[in-house]
Amino acid sequence: MPGLSATKHSILGQLYRDGPKTPKALAAAECVQPQSVTRVLAELEESGWVLRAQDELDRKSTRLNS
């Protein structure tokens with residue numbers, strides 16, 4: 001995946017290995033604040049690398065999937 005930052009690679013790897021996660025869970029796995037991954041997730045979504053869907057168990061939350 002040329003052109004992707006190390007953070008984007010890491011997030012995509014987590015989603016590939018572990019399946020759908022919330023932005024909060026991804027931030028925790030990256031050891032950063034949730035706000036820090038917001039822009040990265042938006043860029044990945046805009047590029048078509050991830051899909052954002054409403055969490056079936058918690059309608060206020062979203063999950064991301066690769």
Side-chain angles (χ1 to χ4, degrees):
M1 294 177 254
L4 293 180
S5 69
T7 302
K8 289 178 182 177
H9 275 281
S10 180
I11 288 172
L12 289 173
Q14 287 180 58
L15 293 172
Y16 178 77
R17 285 187 309 274
D18 303 334
K21 287 188 170 189
T22 64
K24 183 177 179 179
L26 288 167
E30 291 292 314
C31 299
V32 297
Q33 295 294 317
Q35 300 87 341
S36 299
V37 296
T38 300
R39 185 176 349 140
V40 173
L41 294 174
E43 290 172 3
L44 287 170
E45 184 178 23
E46 185 177 304
S47 299
W49 287 103
V50 297
L51 299 173
R52 188 180 305 257
Q54 190 173 38
D55 188 319
E56 293 179 16
L57 299 175
D58 180 0
R59 297 282 184 205
K60 296 181 287 182
S61 185
T62 60
R63 290 197 171 268
L64 293 124
N65 194 8
S66 62

J.: Before giving the answer on side chain to side chain contact (heavy atoms under 4.5 Å, CB included), spell out for Val40 and Leu26 the whole-Å C-alpha distance, their side-chain angles and the decisive distance to 0.1 Å.
T.: CA-CA 11 Å; Val40 173; Leu26 288 167; over 6 Å; no
J.: Work out which heavy atom in Ala27 is nearest to a heavy atom in Val37; give both atom names and the distance.
T.: CB-CG2, 3.9 Å
J.: For the atom pair CZ (Arg52) and CG (Leu41), what is the distance rounded to the nearest 0.5 Å?
T.: 6.0 Å
J.: State, yes or no, whether a side-chain contact exists between Glu45 and Leu51 at a heavy-atom distance under 4.5 Å.
T.: no
J.: For the atom pair NE2 (His9) and CH2 (Trp49), what is the distance rounded to the nearest 0.5 Å?
T.: 8.0 Å
J.: Without hydrogens or angle criteria, can the side chains of Ser10 and Glu30 be said to hold a donor-acceptor pair below 3.5 Å?
T.: yes
J.: Indicate the atoms forming the closest heavy-atom contact of Leu12 with Leu4, along with that distance.
T.: CD1-CD1, 3.7 Å
J.: Listed by chain and number, what are the side-chain hydrogen bond (donor to acceptor under 3.5 Å, both in side chains) partners of Gln33, not counting sequence neighbours?
T.: none
